[in-house]
Amino acid sequence: MPHTMSRMGDVLAGFHAAWEFESDSVLIRYERGIRTPKLFQTLGERRVPLEAIEGVTLTPGRRGTVVLRAELRPGADPLLEAAAGQLKESGDPYRLVLPAERETLAEYYADELRAQLTESGLAERHLVAAPEAPLQFKAYDGKASFDGTAVSFRWFWTGASSAKWKAGDQRFPMSELSGVEWRSPEVFEGHLRLLRRDAAGPAGQADQDPAAVVFGLGYGPVHESLPFAAAVLAAVRNCAPVPAVSTARARRDPADIADRIRHLGELHQAGLVTDEEFSSKKAELLAEL
């Protein structure tokens, strides 16, 4: 007789999260308390199919706790794939921290879960759902937006390099991308870079690359930029060829155009753009009215 979980719907509650054991998955619900990591609050919940899990561990934690952890197969979760091992231990969404007195109960559930696992190794596709679009966040040099079909970067005149201002605001349909590079804002030179299918040669510095936004103190925090990166990565993987569409640009808000021309003028007066570049970019902006 095949081994099954004790009862579908059993719940094991720990600090910041609770795991609900289903017949074919584990539903992780995150608390929204003030001490709960912001990434967990943003995620809300994660349904993890058993086929996405290749192992379960139970280890001693800090200060009288034990830690139950689900080890996911490489490539099964776009969030972990985008994070590329950069998440801090406390920010791991698949760790359940419990009081030490619940170790026996946690061990029971770990054994029950292990008995259900049949898959291991690289997953051929994402098995855990990515955060849903639309998503957006503010980086140091621009605002990043994702509507499910394309990523847009709108530069901030106070932070964007002259190279990005010269290139103008950017829009990248999923069909033009091959992946995403996320570097945690908690380390030096954190950024989010879109990897383009037609890229010629290695990418340069993120602050000079129109396909990247850079992070900084208070800009691009993990709980905003990582779900964004995961959603884009999942969309890129799921992208199929689409019919050609009109390349005509949508009309933009005149006030927005005027604001951008004013900022361009400030860059021109500061000597960051030449007379020719100023005239060319101004004409390009006016053509969008």
Hey, does the side chain of [X] reach the backbone of [Y] with a donor-acceptor pair shorter than 3.5 angstrom?
X: E31; Y: F15; result: no
X: H16; Y: G14; result: no
X: S178; Y: L195; result: yes
X: W155; Y: K164; result: yes
X: Q41; Y: T36; result: yes
X: R73; Y: E51; result: yes
X: R154; Y: S145; result: no
X: Q170; Y: G168; result: yes
X: D141; Y: V214; result: yes

Do other residues, nucleotides or ligands put more than 12 heavy atoms under 6.0 Å from the [atom1] atom of [X]?
X: Y94; atom1: OH; value: yes
X: L217; atom1: CG; value: no
X: E124; atom1: CD; value: no
X: R62; atom1: CZ; value: no

Report yes or no: do [X] and [Y] belong to one cluster of Ile/Leu/Val/Met/Phe/Trp/Tyr joined by side chain heavy-atom distances under 4.5 Å?
X: Y219; Y: L135; answer: no
X: I53; Y: L58; answer: yes
X: L50; Y: L27; answer: no
X: L105; Y: V67; answer: no
X: V97; Y: L12; answer: no

(message) If the threshold is 4.0 Å, N to carboxylate O, is there a salt bridge linking E45 and R47?
(response) no
If you look at every heavy atom in [X] and [Y], which pair is closest and at what distance?
X: G91; Y: L39; result: O-CD2, 3.7 Å
X: S225; Y: L192; result: O-CD1, 4.0 Å
X: A18; Y: V11; result: CB-CG1, 4.0 Å
X: A211; Y: F172; result: CA-CZ, 3.7 Å
X: V180; Y: A229; result: CG1-CB, 3.9 Å

To the nearest 0.5 Å, what is the distance between [atom1] ([X]) and [atom2] ([Y])?
X: E22; Y: D10; atom1: CD; atom2: CG; answer: 9.5 Å
X: E103; Y: L98; atom1: CD; atom2: CG; answer: 10.0 Å
X: R183; Y: H191; atom1: CZ; atom2: NE2; answer: 5.5 Å
X: E54; Y: T118; atom1: CD; atom2: OG1; answer: 11.5 Å
X: Y140; Y: F156; atom1: OH; atom2: CZ; answer: 11.5 Å
X: L194; Y: M174; atom1: CG; atom2: CE; answer: 7.0 Å

(request) Kindly indicate, with the supporting measurements, whether the criterion salt bridge (charged side-chain N to carboxylate O under 4.0 Å, His left out) is fulfilled by R29 and E20. (result) CA-CA 8 Å; R29 301 182 188 276; E20 182 174 344; 3.7 Å; yes
(request) Can you sort out the partners of Y30 under side chain to side chain contact (heavy atoms under 4.5 Å, CB included), two or more places apart, ordered by chain and number? (result) A17, I28, F40, L43, R46, P93
(request) For A110, enumerate each residue passing the side chain to side chain contact (heavy atoms under 4.5 Å, CB included) test, keeping only those at least two apart in sequence or located in another chain. (result)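 Here the qualifying residues are V56, L68, R114.
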Is there side-chain contact between [X] and [Y], with at least one heavy-atom pair below 4.5 Å?
X: P185; Y: V222; result: yes
X: R197; Y: E176; result: no
X: P49; Y: V128; result: yes
X: P131; Y: L226; result: no

Under 3.5 Å donor-acceptor pairs involving side-chain atoms of residues 79-90, not counting sequence neighbours:
{"unit_1": "E81", "atom_1": "OE1", "unit_2": "H126", "atom_2": "NE2", "d": "2.9"}
{"unit_1": "E81", "atom_1": "OE2", "unit_2": "R237", "atom_2": "NH1", "d": "3.2"}
{"unit_1": "E81", "atom_1": "OE2", "unit_2": "R237", "atom_2": "NH2", "d": "2.5"}
{"unit_1": "Q86", "atom_1": "OE1", "unit_2": "S184", "atom_2": "N", "d": "2.9"}
{"unit_1": "Q86", "atom_1": "NE2", "unit_2": "A83", "atom_2": "O", "d": "3.0"}
{"unit_1": "Q86", "atom_1": "NE2", "unit_2": "W182", "atom_2": "O", "d": "2.8"}

(request) May I ask you to decide if the ring planes of F228 and F137 are parallel, tilted or perpendicular, using 30° and 60° as cut-offs? (result)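 Because their plane-to-plane angle is over 60°, the rings of F228 and F137 count as perpendicular.
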